[in-house]
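Taking it in order: structure first as structure tokens, then the write-up.
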Amino acid sequence: MGEGRSLGRRFGWLWTAFAISTFGTWLAFDAFPLIAILVLDAGTTQVSLLAAAGLAVGAVVAVPLGPWVEFRRKRPVMVTMDLVRCAALLSVPLAYAFDLLSFAQLLVVSVTVVAADITFNAASGAFLKSLVPQQDLLVANSRFESTMWTASVLGPPLGGAALGLFGPVLTVTADALSYLLSAAGIRAIGGKETHPERPERASGAPGLRAADLLDGWRYILGHPLLRPLFLNSLLVNSLIMAIHPLLAVLMLGDLGFAAWQYGLAFAVPCLGGLIGSRLARPLAARFGRHRVLLVAGALRACWSLGLAFVVPGVAGLVLVMGIEFGLIISAGVFNPMLATQRLEQTPKDRVARTLSAWSVTGKLTTAAMTALWGLLAALTGPRTAIAVAGALLLASPLLLPRKEHTPRTGDRYTDPLAKAP
């Protein structure tokens, strides 16, 4: 079962839909901050608020949607979320055309898109688990990862060119249309999808309770493999994301790099993600998935400290590119392993809630860490803040699970919520 093996027509349509929407997203990369700056004359505080509040509020809005998705057919949910994102994004160029665009609208659209993203990803993960045999999940996740990194290499340069020629509003329009095409691709998957049964309470009344909102977190924290992977991912991803605004300030401000040099420093290393995602399955077949998960998870934490030592000129540019390449190729191997473990270790009737809880916590943690590290940089300078984050990342492999856990029928850790009334 090699990388080139077909996973069937239905997976092909799912993959196509993912590719289209992912390219659209990367094409419009940073469009909202640019619209806020260039069209609405927003300042630094407003731009920061747009990024942080959109992420945090969108994640909070998505909390009840995880349990809601769990007991609905997943494809209609995915189509709906694509259409919601399309409509929300199209409202921006429409308002701009009539000179009605406001910062408040950008904020509402940002929140809507984040909440729809989380809901869509929860539904698509659950759908993938039912669509692809377990032995092919790593192949499927590697293909998604490879597509994402390919889009990250090609999208921003093309989006930057389009932005320069036509302005940021056009790239938002293209992103909106990509969701419309994604919805069409998901509709084309075809086949019948059974309607999940709602849980029955002790009272005999079906439905969800307020306590069900926490089911995803209870499952993750009660699982011996998912719990450490969850905590490790939260720490690593949030610290890496917190570093990047500070690095932008350091490179574009203090060190005098041009904007194109800064973009190049992060676009070229994304090729490492494409390479890593292609290596994930062969490495797992040779050395075992758990061992590769641990090694790749540890390696992705070893690079960021070097960013505190960036210097001006070509040497600094090469240093950043080398560090980012090492980080991204490690993440390219690790991410499909992690995605596969989550699906394998989660029962079908818990997948949407588990993925939703994971994503919500990740976005909230990233927003909080980004704000915290911005404050730290204001007090100590960007180099010191980057160094502190890099040092903390070196300790993150301690959170990785040392033992492999194989789900078994009746295993209490496989479904710790099964006995919930």
Side-chain angles (χ1 to χ4, degrees), residues 10-40 50-51 54-55 58 61-62 65 74-103 105-124 127 143-144 146-190 263 267 270:
R10 301 183 73 207
F11 174 79
W13 277 113
L14 180 64
W15 190 15
T16 299
F18 174 82
I20 292 171
S21 62
T22 302
F23 271 93
T25 298
W26 281 99
L27 190 70
F29 185 69
D30 276 348
F32 271 28
L34 289 172
I35 291 173
I37 294 168
L38 299 177
V39 178
L40 302 177
L50 180 63
L55 202 62
V61 170
L65 296 178
K74 305 304 182 289
R75 278 203 302 132
V77 171
M78 294 158 65
V79 170
T80 300
M81 292 302 109
D82 270 340
L83 295 178
V84 166
R85 289 183 287 188
C86 176
L89 289 170
L90 280 179
S91 73
V92 173
L94 186 63
Y96 175 78
F98 289 95
D99 199 24
L100 297 173
L101 186 63
S102 66
F103 181 80
Q105 181 182 349
L106 286 184
L107 191 59
V108 170
V109 172
S110 179
V111 168
T112 302
V113 170
V114 169
D117 283 346
I118 293 172
T119 307
F120 179 94
N121 291 336
S124 64
F127 183 70
R143 290 177 184 177
F144 288 137
S146 175
T147 301
M148 190 274 291
W149 287 114
T150 302
S152 70
V153 173
L154 300 177
L158 293 175
L163 187 149
L165 290 172
F166 307 108
V169 173
L170 181 68
T171 60
V172 173
T173 305
D175 190 16
L177 294 178
S178 76
Y179 288 119
L180 187 62
L181 292 174
S182 172
I186 292 167
R187 289 267 302 179
I189 291 173
C270 288

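Because the structure is a prediction, the values reported are computed rather than measured.
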Q. Which pair of heavy atoms, one from L65 and one from A115, lies closest together, and at what distance?
A. CD1-O, 4.4 Å
Q: Can you measure from CZ (F23) to OG (S152) and round to the nearest 0.5 angstrom?
A: 9.0 Å
Q. Around atom CZ of F127, are there more than 12 heavy atoms of other residues, nucleotides or ligands at under 6.0 Å?
A. yes
Q. Which pair of non-hydrogen atoms, one from G54 and one from V114, has the smallest distance, and what is that distance?
A. O-CG2, 3.5 Å
Q) Can you name the nearest heavy-atom pair linking V109 to S91, along with the distance? A) CG2-OG, 3.6 Å
Q.
Determine whether a donor-acceptor pair (N or O, by modelled atom type, separation under 3.5 Å) exists between the side chain of S178 and the backbone of D175.
A. yes
**Q.** Distance-minimising heavy-atom pair for C270 and V153
**A.** CB-CG2, 3.3 Å
Q: Measure the CG-CE distance between D117 and M81 for me, rounded to the nearest 0.5 Å.
A: 10.5 Å
Q: Measure the shortest side-chain to side-chain distance between T119 and V77 over non-hydrogen atoms and say whether it is less than 4.5 angstrom.
A: yes
**Q.** Gap separating the CG atom of L50 from the CG atom of L55, nearest 0.5 angstrom
**A.** 10.5 Å
Q: Measure across G190 and R10 and return the closest heavy-atom pair with its distance rounded to 0.1 Å.
A: O-NH2, 2.8 Å
(Q) Does any part of the side chain of I186, heavy atoms only, come nearer than 4.5 Å to the side chain of F120, both counted from C-beta? (A) yes
Q. Does the ring center of F11 lie less than 6.0 Å from the ring center of F18?
A. no
Q: Decide yes or no for L101 and L106: does some side-chain heavy atom of the first lie under 4.5 Å from some side-chain heavy atom of the second?
A: yes
Q: Side-chain contact test, heavy atoms from C-beta onward, threshold under 4.5 Å: evaluate it for W26 versus L158 and give yes or no.
A: no
Q) Taking the side chain from S146 and the backbone from R143, do they hold a donor-acceptor pair closer than 3.5 Å? A) no
Q: Look up atom CG in L107 and atom OG in S110, then write down how far apart they are to the nearest 0.5 Å.
A: 6.5 Å
Q | Whether T22 side chain and A19 backbone form a donor-acceptor pair below 3.5 Å | A | no
Q) Is the side chain of S21 donor-acceptor paired with the backbone N or O of A17 at a distance under 3.5 Å, no angle test? A) yes
Q. Which atom names give the shortest non-hydrogen contact between M78 and L14, and what distance separates them?
A. CE-CD1, 3.6 Å
Q.
Measuring from atom OG1 of T25 to atom CE of M148, what distance do you get when rounded to the nearest 0.5 angstrom?
A. 11.5 Å
(Q) Within the structure provided, determine whether L90 and Y179 are in side-chain contact (heavy-atom separation under 4.5 Å). (A) no
Q | T147 side, atom OG1; I20 side, atom CD1 - distance, nearest 0.5 Å | A | 11.0 Å
Q) With a 4.5 Å limit on heavy-atom distance, are the side chains of D82 and L180 in contact? A) no
Q. Does CZ in R187 sit with more than 12 non-hydrogen atoms of other residues, nucleotides or ligands closer than 6.0 Å?
A. no
